[in-house]
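Encoded as C-alpha cells, the structure appears first; notes follow it.
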Amino acid sequence: RTRPGEYPRRPRRGREMQIFVRVDRTLVLELRADATVDELTSSLTARLGLGAPERLAHGGCPLADGRRTLREYGISGGSTVDGLGRLPGGCGVVGVILADENKHVNQMIFDALTVLQHRGQDAAGMVTCQGKRLHLRKDNGLVQQVFTQESMLQLRGSMGIGHCRYPTAGTSSCAEAQPLYTNFPYGLCISHNGNLTNASTLKGNVEGMCRHVNTDSDSELLLNIFSEALAKVRAENGDDLDSDAIFYACSSAFKKCIGGYAVALLINDVGVVVFRDPLGIRPLIFGMREQGSGLADFAISSESVVIDTITCASGDNFEIVRDVAPGEAIFFPKGGRPPITRQCVPSARLCPCLFEYVYFARPDSVIDGVPVYEARLRMGTMLANKIQRQLGDAWQEIDVVIPVPDTSRTSALSLAEALDRPYREGFIKNRYIARTFIMPGQAARKKGVRVKLNTIKCEFKGKNVLLVDDSIVRGTTSKEIVQMARDAGAANVFFCSAAPPVRFPNVYGIDIPTRTELIANGREELQIARMIDVDWLGYQDLQDLKTAVQEINPALTGCTFEASVFDGKYVTGDIGDEYFASQARRKQEKKEEALAAKLSNSVTFLGADGGGNQNACNVRVAGTRPSASAQQQSAECDSLFNKTSGYSVKSNPVDNLAPSVN
C-alpha cells in the first residue's frame with residue numbers, strides 16, 4: 001500500500017553482500033548472503049564468459065563443492081576469492097654465481113625469472129649476497145610488478161637465487177613467497193620447486209627440534225631440516241665450513257623429505273648448493289660461462305631456456321652443462337670456483353614428470369635430454385596414428401586441424417601433417433584482456449568471450465573441424481571452445497587431447513584439482529564427449545606418450561615416468577586414500593582457521609623470515625591504518641638486510657672448502 005503522494009516501495013530483496021574476485025584483475029560482485037559456490041561461478045561466467053576462472057579458492061582452500069554456500073567456506077561481505085587458471089604450474093627456481101665479485105646478478109636473475117614466468121604467476125622473489133650482507137625482495141604478483149627500479153638497485157651482489165611461485169602447498173600469503181630465510185647457521189635462503197608429501201610428519205620433527213614453523217609452506221620445513229643438519233656439524237667442528245658439512249646437510253634432507261623437489265639454497269658469503277629429489281621428478285639444470293684462470297660464471301634453473309637466454313652486459317651467453325642428477329647435490333662456491341658434486345643417494349633413479357613435456361615446460365626447453373618441442377611434435381604424430389586406427393576411413397571426413405591456443409600448437413602441427421590435412425589458426429587470443437573492463441549481463445558475456453578469444457569464421461564455416469588441445473582437465477574451457485566453433489558455423493566438431501585422460505590429482509608440485517573436479521574421473525570417452533558437446537572425442541594413449549619422449553633420448557628407455565595424473569600410480573610409494581583424506585582434513589582446518597581470523601580484526605600475523613628479522617611482508621590489520629613509519633618501509637618486503645654491520649669480517653669460509661670429489 002502507498003499513501004497519496006508516496007512512490008510505491010520496491011520489493012524487498014534478500015540481504016546482499018559484496019565480495020571481490022581476483023582473476024587477471026579484481027572484480028566486485030554483489031551476491032545474496034546465502035549464495036552457493038555454483039551461483040558465484042555462474043555470475044563470473046556471465047560476466048567474463050570464456051575468461052572466467054575454472055576454479056575458485058578462498059584463503060588457500062579450493063571451493064570444490066558447488067552446492068555449499070559461500071558462508072560455509074568462511075566467505076562474507078568484503079572477502080576476496082581467488083580465481084585459479086586451468087592448470088597452474090609449480091614454481092621456477094633460479095641461481096646465478098659470478099666469478100667477478102664486483103659485478104651484480106640482479107638483472108640476470110630478473111631476466112631469468114621473467115623467462116620462467118609461465119611456471120608461476122602468484123609471487124616472485126630474489127635474494128642476493130654482497131659480502132656478508134643479504135638483500136631480499138619478494139612479494140605477490142608478476143616478476144615485473146614485484147621488482148621496481150628502486151628495489152633492483154638494492155639487490156646488489158655477485159651471487160643470488162630467485163623464485164617465481166604458484167602455491168601448490170601452503171597459501172597465497174606474501175609471507176610464503178620465496179626465497180625463504182633463516183639466520184642460523186651462517187644465514188640461509190631457499191628457493192624450492194615441488195611438493196613434500198610427508199610435510200605433516202616433517203612439521204612435527206621440525207617443531208621437535210625447538211624450531212618455530214611460521215607458515216604452511218613445505219619449503220620452510222625443508223629449509224629448517226637443512227639448517228638443523230648444518231648447525232649440528234657446526235656444533236661438532238666449529239665455524240669452519242667445508243663441502244663435507246654441506247653435503248651432510250643435503251643427505252639429511254634426502255633422508256627425511258619425500259616427494260618431488262628441486263632446490264637452490266644460498267649460504268651467506270659461501271656459495272649456492274642445489275639438489276634434486278632422488279627420483280628426479282622436478283627438473284633442474286645448470287650451465288656455465290668461462291672467465292679464465294680456472295674460474296667461471298654459473299647459472300642454475302628449472303628449465304634450460306633460462307641458460308640459453310640470459311646474458312651479461314658484454315653479451316656473452318652461458319652454455320648448458322647438464323641436468324642435475326636425481327639424488328645429486330652440487331655446491332657452487334662464491335667467486336666462480338669449480339663446483340663440487342656428490343651423489344648423496346646411491347639408489348636414486350630417474351622418474352621425470354610427463355606433464356612437463358605435455359604442458360608446463362616451454363617448447364624451447366630441454367629437460368633430461370629431451371627437447372620439449374620435439375616431444376610435442378611426436379605426440380601429435382602418435383595421436384594422428386590413433387585417430388586413423390580408431391576412426392577407420394571416417395577420419396578422412398576431417399577438413400581442417402585447429403589448435404586451442406597456446407601449448408597445443410606444436411602437437412596440432414605434426415598431427416595435421418600426419419593426416420595430410422591443412423593446419424589453420426582458428427582462434428585468436430587477446431593477451432591484453434586485463435586492460436578491458438567488462439560490464440555484467442548477457443551482451444557483456446558475449447563480449448567477454450570475444451575479447452578473450454575470437455574465432456576466424458572462414459576456418460570453421462561448413463567444415464568438419466578437428467580441435468587439438470594439450471589436455472582436458474575440468475572440461476569447462478573445452479565446452480566453451482566447442483560452442484564457439486559451432487557458433488562460427490562448423491558442420492561437425494571433433495576434439496582430441498595430446499595427453500591421456502587426466503583422472504587423478506598430482507601431489508608432486510603441480511596443482512591438478514581433486515578427483516571430483518576432473519571431468520575424466522570415473523567417465524568413459526563417450527560420456528565426456530557428450531558433456532563437452534563434441535561429435536567425437538579422442539585421447540592420447542599413455543604408452544604412446546611415453547614412447548614419444550623416450551624415442552628422442554634412448555637413455556630414458558625403460559625408466560618409470562611420473563605419470564600419476566594419468567594412471568594413479570605415485571612413484572614415491574607413500575600415497576593412498578589416507579593421504580588424500582588427511583589433505584582434505586587439513587584444508588578443512590585451514591578453512592576454519594581463516595574463518596576464525598576473519599572474526600577478529602585485531603590479530604597481526606608475522607612474516608616467514610624464519611630468523612627473527614623483519615617480517616617477510618607487512619600485513620595490514622583489518623580496520624587499521626598503516627602508520628607513517630610502516631608506510632616508509634616497503635609494504636611488500638624490500639631489502640631486509642641493508643643496515644651496516646658492526647662486527648668484524650672473519651676469514652673467507654670458502655677457503656676451507658675441500659677439493660672436488662665425484
Side-chain angles (χ1 to χ4, degrees), residues 23-24 38-56 66 83-87 387 397-409 412 415 423-431 433 436 438-499 501-502 513 517-520 523-539:
V23 282
D24 48 11
D38 281 342
E39 290 179 63
L40 172 57
T41 302
S42 297
S43 296
L44 286 171
T45 302
R47 185 159 181 176
L48 297 179
L50 195 63
E54 289 219 356
R55 296 178 298 130
L56 299 170
L84 307 180
R86 183 172 54 126
L87 271 180
I387 290 172
E397 297 177 7
I398 297 171
D399 295 317
V400 63
V401 176
I402 296 177
V404 177
D406 288 309
T407 317
S408 62
R409 284 194 170 103
L415 184 150
Y423 168 94
R424 294 289 185 267
E425 291 286 350
F427 297 101
I428 302 300
K429 192 173 186 178
N430 183 1
R431 304 182 187 280
I433 185 172
T436 304
I438 303 173
M439 295 296 292
Q442 176 63 17
R445 188 194 73 81
K446 292 182 179 179
K447 179 183 176 184
V449 174
R450 298 296 178 247
V451 168
K452 179 72 174 179
L453 200 66
N454 196 25
T455 55
I456 300 177
K457 293 181 176 57
C458 65
E459 298 296 350
F460 293 91
K461 192 170 183 180
K463 297 179 182 179
N464 296 325
V465 178
L466 175 60
L467 302 180
V468 182
D469 206 350
D470 51 77
S471 58
I472 304 173
V473 184
R474 291 186 63 186
T476 309
T477 299
S478 301
K479 186 174 182 179
E480 290 276 1
I481 292 281
V482 170
Q483 187 58 51
M484 288 185 68
R486 294 195 185 282
D487 292 343
N492 289 286
V493 180
F494 310 124
F495 202 106
C496 62
S497 166
V502 178
E517 296 178 90
L518 301 172
I519 192 171
R523 297 186 179 96
E524 299 299 325
E525 291 182 15
L526 186 59
Q527 294 174 284
I528 302 170
R530 290 184 184 133
M531 293 179 69
I532 65 174
D533 193 27
V534 292
D535 299 294
W536 175 84
L537 174 66
Y539 282 99

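Side chains are part of it too, since the values below use all heavy atoms of this structure and drop only hydrogens, waters and symmetry mates. Please read these numbers as outputs of a predicted model, since none were measured by experiment.
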State, yes or no, whether a side-chain contact exists between W536 and I387 at a heavy-atom distance under 4.5 Å. yes

Does the distance from a Lys or Arg side-chain N to an Asp or Glu carboxylate O, for R486 and D533, drop under 4.0 Å? yes

Side chains of T477 and D469: does their closest heavy-atom pair fall under 4.5 Å? no

Minimal heavy-atom distance between V493 and D535, with the atoms involved, is N-OD2, 2.7 Å

Residues in side chain to side chain donor-acceptor pair (under 3.5 Å) with N464, at least two apart? N492

Do V473 and I519 touch side chain to side chain, with heavy atoms closer than 4.5 Å? no

Examine distances only and state if a side-chain atom of Q527 and a backbone atom of E524 form a donor-acceptor pair shorter than 3.5 Å. yes

Side-chain contact, heavy-atom cut-off 4.5 Å: T41 with L44? no

My understanding is that only residues two or more places apart in sequence, or in another chain, count here; which of them pass side-chain contact (heavy atoms from CB on, under 4.5 Å) with K463? D399, V400, E459, V465

4.5 Å side-chain heavy-atom contact, L466 and C496: yes

Residues that R530 engages under side-chain contact (heavy atoms from CB on, under 4.5 Å), provided they are two or more places apart: L526

Got a second to check how far T455's OG1 is from M484's CE, nearest 0.5 Å? 5.0 Å

Using the test ring pair (Phe, Tyr, Trp, His ring centres under 6.0 Å), find all partners of F460 that sit at least two apart in sequence or belong to another chain. F427

With a 4.5 Å limit on heavy-atom distance, are the side chains of V468 and F495 in contact? no

Output all residues satisfying side-chain contact (heavy atoms from CB on, under 4.5 Å) with P403, sequence neighbours left out; order by chain, then residue number. S408, R409, A412, Y423, E425

Is any side-chain heavy atom of I532 closer than 4.5 Å to a side-chain heavy atom of L537? yes

Please report the shortest heavy-atom distance between S497 and Y539, naming the atom on each side. CB-CD2, 3.7 Å

Can you sort out the partners of E397 under side chain to side chain donor-acceptor pair (under 3.5 Å), two or more places apart, ordered by chain and number? none

